[in-house]
Amino acid sequence: MRRMRMAVAALAAAGTVVATAACTGDESDVDGEGGGGDAFINMQIGEVYSLIPGSSGESEGYRVMKNVYDGLVYYNIDTGEPENLVAESITSDDNQTWTIKIKDGLTFHNGEPVDADSFIRSWDRTAYAPNVARLNYFFATIEGYADMNPDPLPADTWADPEVPEYDTVETTHLSGLTAIDPLTLEVKLTAPFIGFPTMLGYEAFYPIAEECLNDLEACEAKPIGNGPFMFEEPYNVESGGTAVTWEDYPGDKKPSIDGVNWKVYLEGQDCWADFQTGDIDVCRPTAPDYESAMADEELTSRLVQQSDPSITMLAFPLYDERYQNVDLRRAISMAIDREGVINVIGPDRFDPLDSWVPESILGGGRGACGEYCTYDPEGAKALLEAAGGWPEGEKLQIWVNDANDNTAIFRAIGDSIAESLGIEYELVTVAWPDYLDARDGHAIEGPFRDGWGPDYNLNENYLEPIYGGGASVNNTGFEDEAYNAKIAEAGAAASLDEAIELYAEAEALLAEVFPSAPLFASKINYFYSERLDNVLVHPIYNGPGGDCELRDVTIKS
């Protein structure tokens with residue numbers, strides 16, 4: 001059985017959401033219109049892949065959805081721990097059968113109740129293989145998943161080479177999900193997993209309105225959520241859109257702003273010029289503007305600077321025979337002067353990374369990469385020689401998606417590799433949707449930029465989703481029986497502390513196979529405009545390029 005982690009294409013050709021459809025139904029049926037006035041903030045955003053829960057799996061869609069939807073839990077901004085939001089309680093006697101009580105009286109923007117069925121229909125939709133939802137794999141631990149996810153048909157029979165096809169899949173419901181009563185959801189897992197509640201604030205586990213499920217195309221453009229912000233007009237994937245504060249939001253913390261305008265910056269663009277003219281309220285300077293921004297005393301009085309659990313890696317295509325030698329992969333990693341690259345692109349923007357899980361995440365910072373993440377040109381040359389050398393006359397291709405920052409960062413990385421090993425390289429820059437398709441479809445032909453930000457605060461989140469599932473599923477083509485067994489052992493641990501240590505042992509196994517080279521742990525350096533106050537950046541929910549908690553930010557009077 002394969003877990004498919006491929007791109008959604010049923011509604012979104014070439015990785016773009018439908019941007020022109022209007023939501024079905026009468027707008028007068030929407031309970032609560034957005035607040036009026038000028039108290040809107042202007043935020044940058046990249047290209048959104050999808051606005052349907054379970055179909056995004058990337059930062060830009062997530063940062064919209066986490067404001068339009070409320071999940072069962074919301075992560076504490078200081079500790080990262082899950083705190084009940086839609087859930088009244090989440091309990092289990094054996095860490096395998098979980099009982100989720102849902103708060104009474106909650107509704108979606110269109111008035112539908114938020115109840116056990118709203119979660120079941122959402123999770124079933126994502127878990128059903130023919131829907132090709134990108135976050136399908138999050139439901140692999142729930143009973144009945146295997147019946148909904150057989151092997152796909154041979155790839156050469158697919159109408160679209162990027163969209164898997166299946167024989168008729170008759171099972172459309174996860175048997176492990178039961179509505180005990182309208183507000184009680186029982187979840188049966190295939191094995192004990194003590195970390196299950198920590199997952200439930202992620203977009204894969206958001207509920208979905210029945211109206212949305214009946215017209216997914218319309219809901220892509222104009223989501224029907226249950227969170228503090230709502231769309232009155234369709235979102236446009238190329239230009240953005242406006243979400244207004246839902247006046248009838250029943251949560252404990254209703255936003256003080258009237259809404260948010262999201263402006264899209266496509267790959268190769270950034271928000272800094274618009275921030276300087278006051279058209280964007282929160283922005284991070286890219287490498288060319290970083291030094292001058294940090295030298296401006298007035299600007300730095302409006303700087304949010306903190307650790308960020310997002311990481312950058314150089315991943316290896318293990319499915320390519322040229323990169324199957326572990327000494328070659330280690331040589332490339334040791335050839336990278338991480339400190340030197342950081343100095344080139346802007347000090348304090350990153351920290352060198354020597355682990356696959358960053359220190360800021362529960363169970364992270366173990367230094368598992370060790371010597372192979374330490375700059376050592378002579379050691380790198382010795383490893384390259386042990387691997388049989390580099391083919392004469394062949395360039396090392398380094399693949400990146402074509403954002404300005406990525407190009408600057410990976411050019412500096414390529415320069416370091418070339419200087420250390422004498423290998424000529426070329427950057428292969430690809431637009432973001434095409435990059436996702438090439439990565440997910442194992443079509444990349446060289447080491448490639450890979451990044452990860454947390455879905456929840458547990459070291460498991462940096463291990464199983466990235467490197468689990470088998471060679472045909474994860475981005476690098478990594479598969480190791482000992483690693484998979486250790487991940488399974490950790491999931492069945494009797495306590496969270498025990499699980500964390502077992503996951504750390506799984507991380508140590510990555511150093512033996514070396515499917516990727518950890519490079520940097522990010523640092524948040526976001527500037528905000530003079531008119532904002534209480535600008536808080538959430539370590540779990542933060543989006544790249546400049547972001548803040550819309551539930552907390554205020555506008556000065």
Side-chain angles (χ1 to χ4, degrees), residues 3 71-76 78-84 87 89-100 123 135 137-143 145 176 186-202 204-205 309-311 353-369 452-470 473-474 478-513 515-516 518 521 539-540:
R3 290 180 301 163
L72 289 164
V73 303
Y74 199 85
Y75 301 113
N76 183 284
D78 296 315
T79 67
E81 297 298 316
E83 298 176 341
N84 289 340
S89 63
I90 304 170
T91 58
S92 178
D93 294 329
D94 60 3
N95 297 329
Q96 185 165 354
T97 298
W98 294 86
T99 300
I100 301 171
W123 298 7
L135 298 180
Y137 64 96
F138 271 91
F139 299 94
T141 58
I142 296 177
E143 285 187 1
Y145 177 87
E186 182 183 80
V187 184
K188 291 184 178 180
L189 307 182
T190 56
F193 178 38
I194 196 168
F196 181 67
T198 68
M199 302 171 68
L200 297 179
Y202 189 45
F205 299 97
S310 297
I311 64 173
L353 186 63
D354 62 357
S355 301
W356 282 270
V357 183
E359 186 177 4
S360 52
I361 288 293
L362 194 61
R366 304 298 180 103
C369 186
W452 192 259
D455 306 320
Y456 45 90
N457 186 24
L458 185 64
N459 54 349
E460 176 271 344
N461 185 229
Y462 286 72
L463 301 172
E464 202 283 333
I466 305 176
Y467 304 105
V473 174
N474 59 61
F478 169 81
E479 187 158 13
D480 184 82
E481 289 185 7
Y483 177 84
N484 293 339
K486 187 61 69 174
I487 291 290
E489 182 185 357
S495 70
L496 189 59
D497 287 342
E498 180 184 347
I500 288 168
E501 293 307 314
L502 290 169
Y503 286 127
E505 292 179 18
E507 182 188 6
L509 294 175
L510 290 179
E512 298 179 13
V513 182
S516 64
I540 304 294

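Note that these values count all heavy atoms, side chains included, but never hydrogens, waters or copies made by symmetry.
Using modelled atom types, no side-chain atom of Asn95 and backbone atom of Ile194 make a donor-acceptor pair closer than 3.5 Å. Put simply, the side chain of Asn459 never gets that close to the backbone of Gly364: no donor and acceptor are under 3.5 Å apart. Using modelled atom types, no side-chain atom of Asn76 and backbone atom of Glu81 make a donor-acceptor pair closer than 3.5 Å. For Thr97 (side chain) and Lys188 (main-chain N/O), no donor-acceptor pair under 3.5 Å exists by modelled atom type. Of the possible donor and acceptor atoms, one in the side chain of Gln96 sits under 3.5 Å from a partner among the backbone N and O of Leu189.
The side-chain heavy atoms of Tyr483 and Val513, taken from C-beta on, include no pair separated by under 4.5 Å. Residues Leu362 and Thr198 form no side-chain contact, since every pair of their non-hydrogen atoms from C-beta on lies 4.5 Å or further apart. Put simply, the side chain of Asn484 reaches to within 4.5 Å of the side chain of Glu479, judged on heavy atoms. For the pair Tyr75 and Pro539, the minimum side-chain heavy-atom distance is 4.5 Å or more.
Ring planes of Phe138 and Tyr456: perpendicular class, angle over 60° (limits at 30 and 60°).
Interatomic distance, Tyr503 OH to Leu496 CG, rounded to the nearest 0.5 Å: 9.0 Å. Tyr462 contributes atom OH, which lies 11.5 Å from atom CD of Glu507 (distance to the nearest 0.5 angstrom). Between Tyr467 atom OH and Leu510 atom CG the span is 6.0 Å, to the nearest 0.5 Å. Distance check: Ile311 CD1 to Ser355 OG gives 9.0 Å after rounding to the nearest 0.5 Å. Atom CG of residue Leu72 and atom CD of residue Glu83 lie 14.0 Å apart, to the nearest 0.5 angstrom. In this structure, CD in Glu460 is found 4.5 Å from CZ in Phe193, a value given to the nearest 0.5 Å.
With sequence neighbours excluded, the residues that form a side-chain hydrogen bond (donor to acceptor under 3.5 Å, both in side chains) with Trp356 are Ser516.
Minimum interatomic distance between Ser310 and Gly453 (heavy atoms only, all atoms of both residues): OG-CA, 3.8 Å. Between Val73 and Gly201, the shortest heavy-atom distance links the atoms CG2-N, 3.2 Å. Minimum heavy-atom separation, Ser89 to Asn84: CA-ND2, 3.7 Å. Scanning both residues, Leu353 and Ala521, for their nearest heavy atoms gives CB-N, 3.9 Å. Smallest separation of non-hydrogen atoms from Trp452 and Asn461: NE1-O, 3.1 Å. Across all non-hydrogen atoms, the minimal contact from Pro454 to Ile361 is CB-CD1, 4.0 Å.
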Original post:
Does the salt bridge (Lys or Arg N to Asp or Glu O under 4.0 Å) test come out yes or no for Glu501 and Arg366, once each step is laid out?
Top reply: CA-CA 10 Å; Glu501 293 307 314; Arg366 304 298 180 103; 2.9 Å; yes
Subject >> Residue pair Trp98, Thr91: steps toward the side-chain contact (heavy atoms from CB on, under 4.5 Å) verdict >> reply: CA-CA 6 Å; Trp98 294 86; Thr91 58; 5.9 Å; no
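Among Leu509, Leu458, Val357, the one residue that satisfies the side chain to side chain contact (heavy atoms under 4.5 Å, CB included) test with Leu463 is Val357. Phe139 pairs in a ring pair (Phe, Tyr, Trp, His ring centres under 6.0 Å) with only one of the listed residues (Tyr145, Phe196, Phe205), which is Phe205.
Heavy atoms from other residues, nucleotides or ligands lying under 6.0 Å from CD of Glu359 number 12 at most. Atom CG of Asp94 has more than 12 heavy atoms from other residues, nucleotides or ligands within 6.0 Å.
Between Glu505 and Lys486 there is a salt bridge, with a side-chain nitrogen of the basic residue lying less than 4.0 Å from a carboxylate oxygen of the acidic one.
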